[in-house]
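In what follows, every heavy atom counts, from backbone to side chain, and hydrogens, waters and symmetry copies are set aside. Positions are given from 1, in the same order as the sequence printed here. Order of listing sets the numbers, starting from 1, for every ligand and every atom in it.
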Amino acid sequence: MSKIRKAVFPVAGLGTRFLPATKAVPKEMLPVVDRPVIQHVVDEARAAGIEQFIFITGRNKGAIEDHFDIAYELDRTLKERHRTDDLAELARDLPAAGMTSFTRQQEPLGLGHAVWCAREMVGDEPFAVLLPDMLHQSAIPCLKSMIEAQAEHGGNMIGVYEVPFEDTHRYGIVDVGDGPASALPIRKMVEKPKQGTSPSNLAISGRYILSPKIFELLGNQPRGTGGEIQLTDAMVTLQQSEPFHAHVFKGRVHDTGTKIGFLTANIAYALERDELGSELRAALRTLL
Ligand code: G1P
């Protein structure tokens, strides 16, 4: 496989679990401390050397496109007020013009279908997929270490982390053979196994490096779990002709698609911040 330059961000989901907060605001724009969830994930991809950011959006997701654009009025006001630090931070967060692309999924047919919508923009090269709900907190960004492992071991690479066995039915699960934790050979993958049937407790964490062959398979993929076109099902087929490795993520995964995961992520990221950490610690002690 060649250099991983492009990343796909499926952001079409409705976010019904966060209503009414997500009635007019995309769930990906909810803040974790003071950065939208999607900005955290784009930061991870940029730190991994990604050059093209492909967003699979839907209706009412315009705020994401606006977020990754210059806001002239805001910039002018900040300049007039000599807020140079804020200006510099906004500039730093923004991928350069031409590095972002947006297309609509049109119908909510599942994650596999969302990724398939990127086929023309990705073309014939390996690419990354990052699920914005899943924040990967660590000193070395998850996608960066996955790209390094992929350069060494080749094949398709799936980020995984350990979850309690009783939660395995909520995730894609992989069964692995022996090897280094950065690239364990995958023997089997299953999307949301029924409780008590999971082959392991290694869950797919929402980070993927995939070969472009996946697009052809996704185009013919029948609906799977939940009546949706599942990315995992197409990966199972691709595994018949290409190797797959599991990369065990060493940091902390926050599933911000759940209320508890979202709240925990806010606390965990705030605790890491110099200007907030100690005050928050004290505030939490008082609350508890
Ligand atoms: C998707 C994937 C699943 C993965 C999960 C991580 O499921 O299909 O394999 O474990 O993301 O969040 P979803 O959460 O979209 O149902």
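Heavy-atom proximity to Leu131, at under 4.0 Å, picks out these atoms of ligand 1: 1 (C), 11 (O). Every atom of ligand 1 is numbered from 1 in the order shown, and the set under 4.0 Å from a heavy atom of Thr232 is 9 (O).
Checked by atom type, the side-chain pair His113/Gln105 shows a donor-acceptor distance below 3.5 Å.
At a threshold of 4.0 Å, the pair Glu148-Lys144 counts as salt-bridged, since one of the basic side-chain nitrogens sits closer than that to a carboxylate oxygen. Lys3 and Glu51 are joined by a salt bridge, as a carboxylate oxygen and a charged side-chain nitrogen come within less than 4.0 angstrom of each other.
Of the heavy atoms in Asp133, none comes closer than 4.0 Å to ligand 1. When non-hydrogen atoms are compared, ligand 1 lies under 4.0 Å from the side chain of Met134 (C-beta onward) but not from its backbone.
When hydrogens are left out, the protein atom nearest atom 2 (C) of ligand 1 is Glu191 OE2, 3.6 Å; that is the closest non-hydrogen contact. In terms of protein heavy-atom proximity, atom 10 (O) of ligand 1 is nearest to Ile204 O, 2.7 Å. Atom 14 (O) of ligand 1 has its closest protein heavy atom at Lys192 NZ, 4.5 Å.
Ring centroids of Phe102 and Phe68 are separated by 6.0 Å or more, keeping the two rings apart.
Contact detail for Val32 and Ala265: the closest heavy-atom pair is CG1-O, 3.8 Å.
Here the straight-line distance linking atom CD1 of Ile64 with atom NZ of Lys27 works out to 9.5 Å at 0.5 Å rounding.
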